[in-house]
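Written out below as structure tokens is the structure these notes cover.
What's counted below: heavy atoms across the whole structure, side chains too, no hydrogens, waters or symmetry copies. Remember, it's a predicted structure, so these values are computed and weren't measured experimentally.
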Amino acid sequence: MDLNLTGKSVIVAASSKGLGKAVALQFAEEGAHVLISSRNEAELKQTAAYIIEKTGNENVRYQVCGITSPDQINSLIDTAIEWNGKVDVLINNAGGPPAGTFDKFSDEDWQQAFELNLLSFIRLIRGVLPSMRETGTGRIVNIASSSVKQSLDNLILSNTYRAGIVGLSKSLSQELAKDNILINTVGPGRIATDRVTELDGIQANIQGVTVDEIRSKAESSIPMGRYGKPEEFAKTIVFLASGANTYLTGQTIVVDGGLVKAL
């Protein structure tokens with residue numbers, strides 16, 4: 001299958017590590033021009049070099065961008081357009097907010113989580129739409145969480161704002177279809193990343209057991225019997241953002257090995 005991604009201008013937010021890094025790597029393997037971003041320049045530089053070495057694709061650049069900063073978001077988009085003349089693909093991504101239950105969080109905590117996990121996506125989408133409308137096509141994929149289908153314990157901030165991403169994507173799919181801009185949401189289940197290891201550690205402390213015990217219990221609840229690999233998740237993202245996807249929009253897909261039982 002030809003994904004028609006060679007030379008396409010791709011922005012991947014929060015991509016110096018974890019799922020964002022895996023997604024950027026897959027795009028580079030398909031010959032795209034990939035602009036990665038995060039707050040940490042040292043990590044970005046290392047990740048860009050790794051992707052270039054791994055794929056042989058020299059068209060990988062990086063830019064520091066804290067996605068809660070409107071100015072840095074605008075600068076990121078300007079860089080992609082200066083480089084490639086357009087933005088074909090936007091992959092929205094952000095680190096997860098702090099774990100905890102309702103009584104733990106203040107108004108400030110809620111505001112910070114909103115700006116990180118929902119408003120940043122809104123701003124990035126707003127920024128790329130003029131370019132996509134000008135070219136008459138575009139693909140946007142929002143990375144959320146499996147909590148959009150089934151809420152996760154001790155993650156009320158994430159549960160709340162990730163659900164907002166689904167509403168945003170569904171509404172925009174209706175508005176943007178006439179412009180041939182497709183937008184979808186993908187939620188990772190238990191994918192083997194540093195973030196999941198961190199959450200497993202939190203649960204281990206709460207329950208007074210080892211991280212290995214937490215992981216073993218989690219794996220037993222997954223029909224496929226294991227955590228997913230970052231590249232398995234990334235391949236779903238790349239298909240949805242590719243020229244091979246011409247009709248799928250407004251959907252929410254969970255990549256979880258069958259973990260979520262909700263319809």
Next item on the list: Calculate, to the nearest 0.5 Å, the distance between atoms CD1 and OG belonging to Ile165 and Ser120 respectively.
Entry: 7.5 Å

Margin query: A side-chain contact here means heavy atoms from C-beta on lying under 4.5 Å apart; do Leu182 and Thr246 qualify?
Written below: no

Notebook entry, point to check: Would you say the side chain of Leu35 lies within less than 4.5 Å of the side chain of Tyr62, judging by non-hydrogen atoms?
Noted result: no

Check: Atom CG of Asn93 and atom CD1 of Ile143: how far apart are they, to the nearest 0.5 Å?
Finding: 4.0 Å

Notebook entry, point to check: Does any donor atom in the side chain of Ser75 or Gln63 lie under 3.5 Å from an acceptor atom in the other side chain?
Noted result: yes

Checklist line | Leu240/Ile253 under side-chain contact (heavy atoms from CB on, under 4.5 Å): CA gap, chis, key distance, verdict | finding: CA-CA 10 Å; Leu240 290 171; Ile253 298 169; 4.1 Å; yes

Item checked: Parallel, tilted or perpendicular: rings of His33 and Trp83 (30°, 60°) -> parallel

Checklist line | Ala32: side-chain contact (heavy atoms from CB on, under 4.5 Å) partners, not counting sequence neighbours | finding: Val10, Phe27, Val34

Next item on the list: Taking only Lys NZ, Arg NE, NH1 and NH2, and the carboxylate oxygens of Asp or Glu, determine whether Lys235 and Glu30 approach each other closer than 4.0 Å.
Entry: no

Next item on the list: Would you mind reporting whether Ser106 and Asp109 have side-chain heavy atoms less than 4.5 Å apart?
Entry: yes

Margin query: Within the 4.5 Å heavy-atom criterion, are Asn117 and Thr160 side-chain neighbours or not?
Written below: no

Note to self: If we count only N and O atoms by modelled type, under 3.5 Å, do the side chains of Ser131 and Glu134 hold a donor and an acceptor together?
What the structure shows: no

Notebook entry, point to check: Would one find more than 12 heavy atoms of other residues, nucleotides or ligands at under 6.0 Å from atom CZ of Arg195?
Noted result: yes

Checklist line | Val141 vs Thr185 side-chain heavy atoms within contact, under 4.5 Å | finding: no

Check: Quick one: are Ser242 and Asn4 in side-chain contact, heavy atoms under 4.5 Å?
Finding: no

Margin query: If we count only N and O atoms by modelled type, under 3.5 Å, do the side chains of Ser173 and Thr249 hold a donor and an acceptor together?
Written below: no

Next item on the list: Enter the distance from Gln26:CD to Leu5:CG here, rounded to the nearest 0.5 Å.
Entry: 11.0 Å

Item checked: CG on Asn142 to CD1 on Ile140, rounded to 0.5 Å -> 7.0 Å

Notebook entry, point to check: Atom CG of Asn159 and atom CZ of Phe102: how far apart are they, to the nearest 0.5 Å?
Noted result: 13.0 Å

Notebook entry, point to check: Once you round to the nearest 0.5 Å, how far does CD of Gln203 lie from CD of Glu198?
Noted result: 12.0 Å

Notebook entry, point to check: With a cut-off of 6.0 Å (strictly less than), are more than 12 heavy atoms of other residues, nucleotides or ligands near CG of Asn40?
Noted result: yes

Notebook entry, point to check: Are Asp200 and Arg215 close enough for a salt bridge, meaning some N to O gap below 4.0 Å?
Noted result: no

